[in-house]
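Since the structure is predicted, the reported quantities are computational estimates derived from the model, not experimental observations. Values below: all heavy atoms of this structure, side chains included; hydrogens, waters and symmetry mates excluded. Counting convention: from 1, in listed order, for ligands and their atoms alike.
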Amino acid sequence: MTRRTPTTDVALIAGFAALIAVCAILPDIKTGIGVPYSLQTFGVLLAGAVLGPVRGFLCVLLYLVAGLVLPIYSGGASGISHYSGVTAGYLVAFPLAAALCGFLVYRNRQSATQFTLVFTCGLLSSFVFIHTLGPLNLAWRADLSIKEAFSFDAAYFPGDIAKNVVMALVATAVHRAFPDLIGRRRSSAEAEEIPAELS
Ligand SMILES: O=C(O)CCCC[C@@H]1SC[C@@H]2NC(=O)N[C@@H]21
């Protein structure tokens, strides 16, 4: 049995914020308009799905705040000036998407080991926040029409869906291995596999 303490919460929040930073600074693919293909959405939605709405939101907020001084935005960028750029809408959307994803997964905690549930929660959160605020800001900053910005943003759908598949695979594996993280009761099959006192 793993007991939840403020220390474990802080460690998880910091650990996942670091994971998002790694996803951001791994070589990204530049595009003409300045919004790169990046792995950040994987880390952001994973933080929400694994940590839940509050810790997920705080984790992504910590990442964004750390990026004001550390080069951990996409492509190794940093600083407040990044928020007047073409990717600012995506950054602002990240903590909201993590919170929504976490809210939906934690609300259905007994099914948190099911791929379809976590995948759907991730995709929904991504489309509600990331693929709305992202292109809206893009239209503003790159002087595009709303229609142009949304069609430009659609180029990221295949990659983001693929990252969401991996996110759901990882999150369900984590919830299977650590049911206490989300406060999930073990199914009878799981309980037979691993006696609770050994887990
Ligand atoms: O400047 C940043 O650090 C944010 C980059 C945001 C990139 C967005 S996230 C959604 C979409 N999918 C991608 O792979 N890239 C864009």
Numbering the atoms of ligand 1 from 1, which are under 4.0 Å from a heavy atom of Asp160?
10 (C), 11 (C), 12 (N), 13 (C), 14 (O)
Sub-4.0 Å atoms of ligand 1 with respect to non-hydrogen atoms of Ile130
10 (C)
Shortest non-hydrogen separation from Ala98 to Val60 and the atoms involved:
CB-CG2, 3.6 Å
If you measure every N/O of Thr87 against every N/O of ligand 1, is any gap under 3.5 Å?
yes
For Phe157 and His131, I'd like to know if the aromatic rings sit close, meaning centre-to-centre distance below 6.0 Å.
yes
So the atoms of ligand 1 within less than 4.0 Å of a heavy atom of Thr41 turn out to be 9 (S), 10 (C)
Determine whether the side chains of Tyr90 and Gln40 contain a donor N or O and an acceptor N or O closer than 3.5 Å.
no
Might you point out which heavy atoms bring His82 and Leu91 nearest each other, and give the distance in Å?
CD2-CD1, 3.4 Å
Out of curiosity, Phe150 CZ to Ile146 CD1, how far, rounded to the nearest 0.5 Å?
6.5 Å
Atom indices of ligand 1 within 4.0 angstrom of Lys163 heavy atoms, with elements
12 (N), 13 (C), 14 (O)
Closest candidate by heavy atom, reference atom 8 (C) of ligand 1, pool Tyr83, Tyr90, Phe94
Tyr90
Please could you name the atoms of ligand 1 that His82 approaches to less than 4.0 Å, counting only its heavy atoms?
1 (O), 2 (C), 3 (O)
What do the steps show when you test Thr172 against Phe119 for side-chain contact (heavy atoms from CB on, under 4.5 Å), and what is the final call?
CA-CA 9 Å; Thr172 50; Phe119 175 79; over 6 Å; no
Location of contacts on Asp153 toward ligand 1, heavy atoms closer than 4.0 Å
neither
For atom 2 (C) of ligand 1, what is the closest protein heavy atom, and at what distance to 0.1 Å?
Ser74 OG, 3.1 Å
Between Asp180 and Arg4, does any NZ, NE, NH1 or NH2 come within less than 4.0 Å of an OD or OE carboxylate oxygen?
no
Checking contacts here: is it the side chain or the backbone of Tyr73 that comes within 4.0 Å of ligand 1, counting heavy atoms only? Could be both or neither.
both
Test item, Gly159 contacting ligand 1 (heavy atom, 4.0 angstrom)
no
Gln40 N/O to ligand 1 N/O under 3.5 Å:
yes
Quick test: of every protein heavy atom, which one is nearest to atom 13 (C) of ligand 1, and how far off is it to 0.1 Å?
Tyr156 CD2, 3.5 Å
Is Gly134 close enough to touch ligand 1? Criterion: a residue heavy atom under 4.0 Å from a ligand atom.
no
Mind running side-chain contact (heavy atoms from CB on, under 4.5 Å) on Thr41 and Asn164 for me, showing each step along the way?
CA-CA 8 Å; Thr41 51; Asn164 198 47; over 6 Å; no
Quick one, Phe127 with Thr132, criterion side-chain contact (heavy atoms from CB on, under 4.5 Å). Give me CA distance, side-chain angles, the key distance, then yes/no.
CA-CA 7 Å; Phe127 280 97; Thr132 51; over 6 Å; no
Answer side chain, backbone, both or neither: which part of Leu91 comes under 4.0 Å from ligand 1, heavy atoms only.
side chain
For residues Tyr83 and Tyr73, establish whether the separation of their ring centroids is below 6.0 Å.
yes
Using a 4.0 Å cutoff against the non-hydrogen atoms of Pro36, which atoms of ligand 1 qualify?
7 (C), 13 (C), 14 (O), 15 (N), 16 (C)
